[in-house]
Amino acid sequence: MLDPKYIRSNAEEVAVQLRKKHYELDVKRIISLDSERKSIQLSTEQLQSERKSGSKQFGMLKAKGEDVSELKSSLENINEKLNVSEQALKDIQAELEAILLMVPNLPHESVPEGKDENDNLKIRQWGKPKVLDFEPQDHVSLGQAYGLDFETGVKLSGARFTLMRGQIARLHRALAQFMLDVQTVEHGYEECYTPYLVHADSLLGTGQLPKFEEDLFKTSCEGEATPYYLIPTAEVPLTNIVRDSIVEASALPIRLTAHTPCFRSEAGSYGRDTKGMIRQHQFDKVEMVQIVHPSTSFDALEEMTGHAEAILQKLDLPYCVVALCGGDLGFVATKTYDLEVWMPGQQMYREISSISNCLDFQARRMQARFRGAEGKPELVHTLNGSGVAVGRAMVAVIENYQDVKGRIHVPEVLKPYMGGIEIIQ
RNA sequence: GGAGGGAUGGCUGAGCGGUUGAAAGCACCGGUCUUGAAAACCGGCGUGGGUUUGUAGCCCACCCAGGGUUCGAAUCCCUGUCCCUCCGCCA
């Protein structure tokens, strides 16, 4: 959420900045609702003040044994007006809040203009696609012999679910273990095991709710008071660790990582990437989250991007770093880098990681703060990034490490995790 | 699923329905004292919102959450959430 005070006094400027994200802010509505809010709040607080002092006086008069009937009726009168006024205030505040929760974060000035992923800006490239002297296969045809079982996945759960068995299942596990070890041991993230089901408050904090409910899987359990949601990313539990808390400045930055499954309904992506395990309802990811001092969040963004890149470099997978353009930028992000890995089977670079700085946008929703230099609580900045998506990384490994015989060579760094297997064949 | 007990400021912990946003202790910050430190003493020390040019002042709200009773609720009533103990079930 943006700072309501800031929007109030800089509505036009905010609207201009949000146009970069192709979002049209209803300035008129917000201004008029807020001025209405102001007058109602003022009169409500005036009435509250009158009741407060009147009741205090009531107590004193009664203690002295004096007559209170007149005061009582005047207080009853105030209460009548107050009830109406308080309800009106509550309504308009809720209305304003509902609007503000739907307004996206402001894009950073360095974010390129653009409409969709075609306008993203390539920042750098690492490695080069290998020149092969044979026609590369894609992971679908390559993997099936070694345990990548799409048919059974569909039998068990339907479209966008895959069963992995045998060596492929092990390769998948090896990748996750390897990533988690790199992020914890080399990059200083604290390993976490998080709940995979969270309640709505957590999703509101990180910005998936209220706007993106349709992208989530939601439980409906007999006798359940409030539903649970399956996490769409470990960003949700990891970031919400600091929700409603004030941490010491000396505790920052907080670096957290977790390997979790992620669940997404993929509503609105019908027909996209239906083949293979590029786009699944359930996929694993090693997530990185940083909770930082506001002055360091952009440094942290570069650093985290490096942490994700390290994984691909160690796996020797060619990739590009792109800066998302305004139109492609997510709801909570002020700036995002995507890592796109080379997929020989598709002859193109595909997103494998996304690293975002959210400034205080999530922190404000979560009331996540630190104690600043003057002792006053200030909002932290939050960042999240994948380090990296496990399923897609496995697809990249399968396709990039294939040989002419359709075998898959195990990347050097994964060998310790594969029990000495050098080639999957 | 059944039976009880609980939730108060960073922590511990008081709080007959009425000058209680809340005692006290600890922690923390400033000061006095000291060569320095400790101790002792003095003072300060919650969060959110509003108003405002204002991190000044003033006002409002907040004692798990939401309702209710009352002129007035941390205190009484109802509902919910969470935590603890015991029984049952269970990986």
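Side-chain atoms are counted along with the backbone in the values below, which use heavy atoms only and exclude waters and symmetry mates.
Comparing the C1' positions of B:rC83 and B:rA65 gives a spacing of 15 Å, expressed to the nearest Å. The separation of B:rG21 from B:rG46, taken at their C1' atoms, amounts to 9 Å, rounded to a whole angstrom. Between the C1' atoms of B:rC28 and B:rU35, the separation comes to 27 Å (whole Å). Comparing the C1' positions of B:rG68 and B:rG54 gives an interatomic distance of 42 Å, to the nearest angstrom. B:rC58 and B:rG44: their P atoms are spaced 16 Å apart (whole Å). Comparing B:rG67 with B:rU52, their P atoms are spaced 28 Å from each other, to the whole Å. Taking atom C1' on both B:rA23 and B:rU8, the two are 12 Å apart, rounded to the nearest angstrom. Going from the P atom of B:rC82 to that of B:rG30 covers 42 Å, rounded to whole Å.
For the pairing with A:Asp273, the side chain to side chain donor-acceptor pair (under 3.5 Å) check across A:Arg350, A:Gln346, A:Gln280, A:Arg160 returns one residue only, A:Arg350. When the options A:Gln183, A:His307, A:Arg255 are evaluated for a side chain to side chain donor-acceptor pair (under 3.5 Å) with A:Tyr189, the one that passes is A:His307.
Atom NE2 of A:His199 and atom C1' of B:rG80 are 14 Å apart (whole Å). The interatomic distance linking A:Asn83 (CG) with B:rG67 (P) rounds to 12 Å, in whole Å. Taking atom CG on A:Asp244 and atom P on B:rC82, their separation rounds to 16 Å, with Å as the unit. Atom-to-atom, CD of A:Glu80 to C1' of B:rU70 comes out at 15 Å; the value is rounded to the nearest Å. A:Ile78 places its CD1 atom 11 Å from the P atom of B:rG72, with the value rounded to the nearest Å. In this structure, the NZ atom of A:Lys72 is 9 Å from the P atom of B:rU70, given to the nearest Å. Taking atom CG of A:Leu82 as the reference point, atom C1' of B:rU70 lies 14 Å away to the nearest angstrom. Between the CG atom of A:Leu61 and the C1' atom of B:rU19 there is a distance of 13 Å, rounded to whole Å.
Counting only residues at least two apart or on different chains, the salt bridge (charged side-chain N to carboxylate O under 4.0 Å, His left out) pairs with a member in residues 190-215 of chain A are A:Glu213-A:Lys218.
Ranked by how close their nearest RNA chain B nucleotide is to the 5' end, A:Lys62 and A:Leu75 are led by A:Lys62.
Counted by atom type alone, A:Tyr146 and A:Gln425 present zero donor-acceptor pairs between their side chains at under 3.5 Å.
Phosphate contact (OP1/OP2 of B:rG72, side-chain N/O of A:Asn79, threshold under 4.0 Å): present. Within the structure, every side-chain polar atom (N or O) of A:Lys56 is placed at least 4.0 Å from both OP1 and OP2 of B:rU19.
Comment: A:Glu287 engages A:Lys285 in a salt bridge, judged by a side-chain N to carboxylate O separation of less than 4.0 angstrom.
When Watson-Crick and G-U wobble pairs are counted only if both distances are under 3.5 Å, B:rU55 pairs with no nucleotide at all.
Residues A:His381 and A:Phe361 keep their aromatic ring centres 6.0 Å or farther apart.
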| said: I'd like to compare against my own output: the B/S/- annotation of nucleotides 44-60 of chain B with a strict under-4.0 Å heavy-atom distance to protein. | reply: ---SSBSSS--B---BS
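To the nearest 0.5 Å, the span separating CE on A:Met366 from CG on A:Leu379 amounts to 9.5 Å. To the nearest 0.5 Å, atoms CG (A:Leu238) and OG1 (A:Thr257) are separated by 7.0 Å.
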